[in-house]
Amino acid sequence: MTRLSVEMLAADAPEPITSAGHAQLGIAVLLGIAVIVLLITKFKLHAFLSLTIGSLALGAFAGAPLDKVITSFSAGLGSTVAGVGVLIALGAILGKLLADSGGADQIVDTILAKASGRTMPWAMVLIASVIGLPLFFEVGVVLLIPVVLMVAKRGNYSLMRIGIPALAGLSVMHGLVPPHPGPLIAIDAVGANLGVTLALGVLVAIPTVVIAGPLFSKYAARWVDVPAPERMIPQRPSEDLEKRPGFGATLATILLPVVLMLAKALVDIVIDDPEHQVQRVFDVIGSPLIALLAAVLVGIFTLGVPAGFSRERISQLVEKGLVPIAGILLIVGAGGGFKQTLIDTGVGRMILEISEDWSIPALLLAWLIAVAIRLATGSATVATVSAAGLVAPLAADMSTTHAALLVLAIGAGSLFFSHVNDAGFWLVKEYFGLNVGQTIKTWSIMETIISVVAGGLVLLLSLII
């Protein structure tokens, strides 16, 4: 075994990697990511299989024994699923409960009843941001697109003037605000504080969604003036229900986990004593697991019962909510395996050593890495888990706030310029009845604005706090 291979396998190797080692590891990273990109884009292989093969390829190119690579990948997959798997499952159940009970429709209808004319794009971004908190991006799109199309048609609005704010609200929540999988994965990888990340994520999300949503939609509507496609207006879930939950109860259920997690962060700041009884209580109720579990249990009574759901139907709803996330969990887990392979082969230490000689800020480096992987793979999740694994060592000496900002920088970069290798690109194209060029001029540019604005705000905050 070469000296480099021994160095890479020693988790606590104190000596720095040589220049030749840097070169070999750098090439191994590029080749490993290239394998993943090629498998996803050229051969249309599922991201889970692509990440698994890419991890093995990375280890092989780095010169590490494959049995050790397999161990690293398996350990990373297991720890990642253990860290965020239950949270993703609880979020999926809450989202399904919200959609099928008519709670989401109740929020939409209540807000739209009070909005008209110039306020309609702002109403749409508000709806998407609130609805988007507990929902996966794709679920949010499927849920909100019928509303967007109906509002555009009945109110004679430009489809882009209404649709872009809704998409911006969903996308910003997806990339920046826990308990979405992407931010949770990055928080777990870099060891950031969830409450602080949530608070800063909301702070960055508000101006970002305003600029990329209502403001940009004015220009998008001029560039692409298309009517709402009749064929894409499906039936809304609550149209089959005799009754549905109230607006207040639905909103309270959605915001419950966010309030609990923010309360924990506030108590941590005010008391700052791990042995204090009050802080210990909030450490429990404000943990993501308990906060989301509480929201699901409360949602059964505030959403399911008012909609007239029987115990059997609620049980079926939970089961149906879990089915679609199997693929997401596998991708997230494989991403964690890839991250651990990066760390164990010494790539993380290499990034840390090289960055010490660079003038580029760590937050900008994290953003750029996420952007590169997003452009190559088309997946925000793959970009997040890969970038988090690469820059995680940089968080070791960071303050709590800067570690949280590192997570947000990764999340912002993961949203950059969605194009033809992103499933979300085609989802938006088909629902809105656009061609490829029109989708790029609206959706792709909107995603880029979100990424750049959010990334810029993160860098600005890093100078202030």
Please report the shortest heavy-atom distance between [X] and [Y], naming the atom on each side.
| X | Y | value |
| --- | --- | --- |
| Leu98 | Thr250 | CD1-CG2, 3.6 Å |
| Pro245 | Ala307 | CD-CB, 4.4 Å |
| Tyr157 | Met120 | OH-CE, 3.7 Å |
| Phe432 | Gly163 | CZ-CA, 3.9 Å |
| Ala291 | Pro257 | O-CB, 3.7 Å |
| Ala383 | Ile373 | CA-CG2, 3.6 Å |

Measure the shortest side-chain to side-chain distance between [X] and [Y] over non-hydrogen atoms and say whether it is less than 4.5 angstrom.
| X | Y | answer |
| --- | --- | --- |
| Ile254 | Ile107 | yes |
| Met261 | Pro288 | yes |
| Pro207 | Val453 | no |
| Leu461 | Leu203 | yes |
| Trp223 | Thr442 | no |
| Leu159 | Pro227 | no |
| Lys429 | Val436 | yes |

Distance only, no hydrogens: is a donor on one side chain within 3.5 Å (strictly under) of an acceptor on the other, for [X] and [Y]?
| X | Y | answer |
| --- | --- | --- |
| Thr302 | Thr253 | yes |
| Ser171 | Glu447 | yes |
| Ser418 | Trp443 | yes |

When rounded to the nearest 0.5 angstrom, what distance separates [atom1] in [X] from [atom2] in [Y]?
| X | Y | atom1 | atom2 | result |
| --- | --- | --- | --- | --- |
| Leu434 | Ile440 | CG | CD1 | 11.0 Å |
| Asn193 | Thr197 | CG | OG1 | 6.0 Å |
| Asp225 | Gln438 | CG | CD | 9.5 Å |
| Leu90 | Leu297 | CG | CG | 8.5 Å |
| Met160 | Leu167 | CE | CG | 7.5 Å |
| Leu38 | Leu31 | CG | CG | 11.5 Å |

May I have the step-by-step check of side-chain contact (heavy atoms from CB on, under 4.5 Å) for Arg374 and Thr384, ending in yes or no? CA-CA 8 Å; Arg374 159 70 159 179; Thr384 298; over 6 Å; no

Test side-chain contact (heavy atoms from CB on, under 4.5 Å) on Leu317 and Phe309 and set out the steps. CA-CA 10 Å; Leu317 182 147; Phe309 290 176; 3.7 Å; yes

[X] side chain vs [Y] backbone, donor-acceptor pair below 3.5 Å:
| X | Y | result |
| --- | --- | --- |
| His419 | Ser444 | no |
| Trp367 | Ser451 | yes |
| His402 | Leu363 | no |

Margin query: Between Asp109 and Arg244, does any side-chain N to carboxylate O distance fall below 4.0 Å?
Written below: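 So Asp109 pairs with Arg244 through a salt bridge.
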
Can you check side-chain contact (heavy atoms from CB on, under 4.5 Å) on Val172 and Leu415, steps first, answer last? CA-CA 9 Å; Val172 168; Leu415 298 175; 5.7 Å; no

Name each donor-acceptor pair under 3.5 Å that joins a side chain in residues 209-222 to protein atoms two or more places apart or in another chain, with its distance.
from	atom 1	to	atom 2	distance (Å)
Ser217	OG	Arg161	NH1	2.5
Ser217	OG	Gly213	O	3.3
Ser217	OG	Pro214	O	2.8

Here the side chain to side chain donor-acceptor pair (under 3.5 Å) pairs for residues 200-209, sequence neighbours left out, are none

ask   = Among all residues two or more places apart in sequence or in another chain, which pass the side chain to side chain contact (heavy atoms under 4.5 Å, CB included) test with Ser315?
value =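 So Ser315 forms no side chain to side chain contact (heavy atoms under 4.5 Å, CB included) with any residue.
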
Dump the intermediate steps for side-chain contact (heavy atoms from CB on, under 4.5 Å) on Ile36 and Phe338, then the final yes or no.
CA-CA 10 Å; Ile36 295 171; Phe338 182 65; 3.7 Å; yes

